[in-house]
Undergrad: 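Let me begin by handing over the structure; questions about it come next.
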Amino acid sequence: MSRFYRDSPDFWELEVIHEIPLYRPFVEKWAQVESFQARPDDLLISTYPKSGTTWISEIVDMIYNNGDEEKCKRDAIFNRVPFMEMSCPGLLSGTEQLDTVPSHRTHLPVQLLPVSFWEQDCKMIYLARNAKDVAVSYYHFYQMAKMHPDPGTWDEFLGKFMAGKVAYGSWYDHVKGWWEKKKAYRILYMFYEDMKKDPKREIEKVLQFLGKDLKEEVVNKILHHTSFQEMKKNPTANYEMMPTWAMDHSVSPFMRKGMSGDWKNYFTVAQNEIFDAHYKEQMKGSTFKCQMEI
Ligand code: A3P
């Protein structure tokens, strides 16, 4: 059992989140999240942080709006596809926004998902990204997104990531938990690395999963609008609409590099060896496979 989830589905038990003062409002609104009533046609996007949540959310919003870029610029991505467990004083909480939108996103580990999503057999898209790139991206995010404590040095942060002592807990448990659940539920399990390799094929997978048929020219528009270069300069997608007290892009932009294999620029040979051995141990017995680079 991970540190993140001990013995009851109660957010107060999430000691990792609990240790982070600015996540406290998340905890206080947990009852609303837990009792959230999903509708059968709700779509849930689930990810471990820094796995491409914003990317897949933008793709889904473009699909729902039949490739109309202007409609997708109606608001910031965090309002168009709200975070279910999000809570920040002075702002609408995730659950308050959810009633008005068809798709939601979450970083919750599978065992904490509100039960109504399973009861309603909602469609869900899970997007995974390799652990090494997630750790690097998360390290930069911790520095720019002010709800997090100081991540310390890269080496210190990597240790915390491996131990699951970061917000949302263990990457290993997260990807494995959702991987197992897909056997019994309508979960499209995707990989960031596949999206980098062949984004059009992956967009088509999402279309098929959602039962949507769009013309080739519309698919190409979605492909263009959701490329890293386009999203990086789009204020409704790049989080520049977040107040700077919450996210400081001068420390590290939210749309940082958007590549696979950047971990090679950060991991020392020794760190890589320790990480690989720990990874093997953590993922033992799971059929989950993910490419560390493309
Ligand atoms: P990097 O920090 O490695 O650049 P999330 O949305 O889950 O927080 O994930 C953020 C990561 O996804 C960042 O990774 C960001 O650059 C990357 N990303 C966002 N949009 C992307 C896109 N269109 N193509 C590739 N990567 C993208």
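Predicted, not measured: the structure shown is a model, and the values here were computed from it. One-based numbering, in listed order, for ligands and for the atoms of each.
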Undergrad: State plainly whether the residues Lys284 and Glu281 are in salt-bridge range, i.e. N to O under 4.0 Å.
TA: yes
Undergrad: In terms of hydrophobic clusters joined by side-chain contacts under 4.5 Å, are Met259 and Tyr139 together?
TA: no
Undergrad: Just let me know how Ala237 lines up against ligand 1, side chain, backbone, both or neither, with a heavy-atom cut-off below 4.0 Å.
TA: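 For Ala237, there is no contact with ligand 1 at all, from either part.
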Undergrad: Looking at atom 17 (C) of ligand 1, what's its closest protein heavy atom, distance included?
TA: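 Scanning the protein heavy atoms, the shortest distance from atom 17 (C) of ligand 1 goes to Tyr192 OH, 3.9 Å.
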Undergrad: My understanding is that only one of Trp179, Tyr48, Tyr126 makes a side-chain hydrogen bond (donor to acceptor under 3.5 Å, both in side chains) with His174; could you say which?
TA: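 When side-chain hydrogen bond (donor to acceptor under 3.5 Å, both in side chains) is applied between His174 and each of Trp179, Tyr48, Tyr126, only Tyr126 qualifies.
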Undergrad: So which protein heavy atom does atom 1 (P) of ligand 1 come closest to, and at what separation?
TA: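 The answer is Ser137 OG, 3.5 Å.
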Undergrad: Is it true that Glu216 and Lys200 make a salt bridge, defined as a side-chain N closer than 4.0 Å to a carboxylate O?
TA: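 Judged by the 4.0 Å cut-off on N to carboxylate O distance, Glu216 and Lys200 do form a salt bridge.
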Undergrad: Please say which of Trp171, Phe83, Tyr138 ends up in a ring-ring contact (aromatic ring centres under 6.0 Å, His included) with His107.
TA: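 When ring-ring contact (aromatic ring centres under 6.0 Å, His included) is applied between His107 and each of Trp171, Phe83, Tyr138, only Phe83 qualifies.
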Undergrad: Which heavy atom of Glu85 sits nearest a heavy atom of Arg105, and at what distance?
TA: OE1-O, 4.1 Å
Undergrad: Counting non-hydrogen protein atoms only, what is the nearest one to atom 19 (C) of ligand 1? Give residue, atom name and distance.
TA: Met255 SD, 3.4 Å
Undergrad: Nearest to atom 15 (C) of ligand 1, what protein heavy atom do you find, and at what distance?
TA: Phe254 O, 3.9 Å
Undergrad: How far is atom 23 (N) of ligand 1 from the closest protein heavy atom, and which atom is that?
TA: Thr226 O, 2.9 Å
Undergrad: For atom 14 (O) of ligand 1, what is the nearest protein heavy atom, given as residue, atom name and distance?
TA: Arg129 NH1, 3.2 Å
Undergrad: Return the residue, atom name and 0.1 Å-rounded distance of the protein heavy atom closest to atom 12 (O) of ligand 1.
TA: Gly52 CA, 3.9 Å
Undergrad: Tell me which protein heavy atom sits closest to atom 6 (O) of ligand 1, plus the residue, atom name and distance to 0.1 Å.
TA: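 Here the nearest protein heavy atom works out to Thr54 OG1, 2.5 Å.
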